[in-house]
Q: 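This is the structure I want to talk about, given as structure tokens.
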Amino acid sequence: MNIRLVKSSWDTTECDVLIIPMFEDEEMTEGVPAALNERLSGLLEELKSTEEWKAKPGEMTVLYRPNQLKAARLILLGAGKSDSYDSHSIRTLIMQAVRKVKGYNLKRVAVFRRSQVQPTLAAQAAVEGVVLATYDGDDYKTEGRSKNFIEEILFLTDQQLATDEIEKALKRGQILAEASNLARRLVNEPANQFSPSRLAELARETAERFGLEVEILGEPEMEEREMAAILAVAQGSDEPARFIVLKHFGASDPEAPPIVLVGKGVTFDSGGLSLKPAQSMEEMKCDKAGACAVLAAIQAIAQLQIKKNVVALIPAVENLPSGRAQRPGDVVRSMSGKTIEVINTDAEGRLILADALHVGRQLQPEYMVDIATLTGACVVALGRVRAGLFSNDDKLCKKLLQAGERAGEKFWRLPLDDEYREEIETQIADIKNVGGRWGGAIIAAKFLQEFVGDVPWCHIDIAGVDLFQEGQPAKGPTGFGVRTLVEMVDS
Ligand code: BES
Ligand code: MG
Ligand code: ZN
């Protein structure tokens, strides 16, 4: 798909589809609406007065062969109230519009920008919307896969704007959205196709293609390094664990403290001996969403040649019950030396992250961010809209929230008070891997905090936001986190 910026007007551009956002609260008497209304011989006013068309967010009205335009089809894209229109709405609305038309045999789509959103932000968000719309999560269908006929997307802009800036923003949006789609495609892979070793192979391919340094530890190397918490989770499965390290050297000084990104890579989470109920267990193939986000993010970081040193750490395991599986009551000595009583084998994410965070801490990073489908409790707390965010550093937390703003990904900070730590105290060992019934997302974060020391750190719990739900504008995995991580590293 060819994405181009063209200095041309909505009424003279030849294309198969022209998309024009329209606001609920705008008058038909001036500016673009007035001009458009005139070209359409008063149709806009008529549609408004009959209330067939209100420009509510996501509402799409298609007009065919408007005879005073060069476009074969015009989509009036409802954009809601003009003052709540931001880069987030641009991304989602354009995604919806492109999803609507991409299956028709129409090759050339033009998008007209008309908003108060800063042009580069708007351009980036729009191109992200377009690229995100091309993936539908139907990878294994042999028939009836969603199609994409679009060959060319034109972004129409007026003469005065600085083109290079916008061209750059378009390129950036494309890289970010393609990385998001990569994460979505990987998260969507079923566990029989995608083991920890396959994830590691893929990481190696990515590294070779994008000039990252890569190191992959197999179980013997992990044993040597005493990564016992990761190995304990993996021991029930016939699929061997992998520990994946990817490095991007972007800073002028290769020794400069890196930013460390850690992603939970459980390729399937059955719960282990603390087996999950069958209901929705299939969704636990997505328990590697954190790992996929980190892998996709570092790929984008390399493509954008961001001038920072970045290290991605991915502990990859499969959590299954068997005669060799870890048992509730087992005590493991994690790599850090801290001993953990495993009360529930389904709280496995925090075990593998414990060792990975310890590895990260040893790199003396500038800061560390981990991302994980960690707790059902986070879904209970925040639903399907915002990811849980935890941090031991207010400044860093703010940086992440601002990055999320730019990325169009929503977060909500949850607390880390010391009182919550009492929940993971146990008689036999230093800590146990679960607490009581309440505040489960926070308790999991307190557990992770044990392994980060003084390193500025953020923990992102994406258990509620890794998959699109019925009624949301797309299907399958969301790729949540990829864009925020890149925007954060780049700020
Ligand atoms: N992978 C799950 C968390 C999860 C739940 C992700 C729902 C996506 C949707 C995690 O490994 C898990 O099983 N957590 C347990 C922890 C509990 C045993 C303390 C949970 O949330 O039930
Ligand atoms: Mg689990
Ligand atoms: Zn899990």
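When reading the values below, keep in mind they use all heavy atoms of this one structure, side chains included, and skip hydrogens, waters and symmetry mates.
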Q: Determine the minimum heavy-atom distance between Phe480 and Ile371, stating which atoms define it.
A: O-CD1, 3.9 Å
Q: Give the minimum heavy-atom separation between Val117 and Asp86, together with the two atoms involved.
A: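 Closest approach of Val117 to Asp86, heavy atoms only: CG2-CA, 3.8 Å.
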Q: Between Lys446 and Glu423, is there a side-chain N and carboxylate O pair less than 4.0 Å apart?
A: no
Q: Can you say whether the rings of His459 and Trp457 are parallel (under 30°), tilted (30 to 60°) or perpendicular (over 60°)?
A: parallel
Q: Is it true that Lys475 and Asp136 make a salt bridge, defined as a side-chain N closer than 4.0 Å to a carboxylate O?
A: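 A salt bridge is absent here (no side-chain N lies under 4.0 Å from a carboxylate O).
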Q: Is Glu348 paired with Lys264 through a side-chain N to carboxylate O contact shorter than 4.0 Å?
A: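 So Lys264 pairs with Glu348 through a salt bridge.
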Q: Using distance only, find each side-chain donor-acceptor pair of residues 313-325 under 3.5 Å and give its atom names and separation, not counting sequence neighbours.
A:
unit_1 : atom_1 : unit_2 : atom_2 : d
Glu318 : OE1    : Ser237 : OG     : 2.7
Asn319 : ND2    : Asp269 : OD1    : 2.9
Asn319 : ND2    : Thr345 : O      : 3.2
Ser322 : OG     : Gly236 : O      : 2.9
Ser322 : OG     : Arg324 : N      : 3.0
Ser322 : OG     : Ala325 : N      : 3.4
Arg324 : NH1    : Gln235 : O      : 3.2
Arg324 : NH2    : Asp238 : OD1    : 2.8

Q: When rounded to the nearest 0.5 angstrom, what is the spacing between CG in Leu5 and CD in Glu167?
A: 5.0 Å
Q: Between atom CZ of Phe210 and atom CD of Gln305, what is the distance when rounded to the nearest 0.5 Å?
A: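 One finds 12.0 Å between CZ of Phe210 and CD of Gln305.
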Q: Whether Glu201 and Arg204 form a salt bridge (side-chain N of Lys/Arg under 4.0 Å from carboxylate O of Asp/Glu) is what I want to check.
A: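 Salt bridge absent between Arg204 and Glu201.
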Q: I'd like to know if Arg225 pairs up with Glu215 as an ion pair, taking the criterion as any Lys NZ or Arg NE/NH1/NH2 lying under 4.0 Å from an Asp or Glu carboxylate oxygen.
A: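 Yes, this pair counts.
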Q: Under 4.0 Å between a Lys/Arg side-chain N and an Asp/Glu carboxylate O for Arg4 and Glu152?
A: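 Result for this pair is yes, salt bridge flagged.
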Q: Charged N to carboxylate O below 4.0 Å: is that the case for Asp394 and Arg413?
A: yes
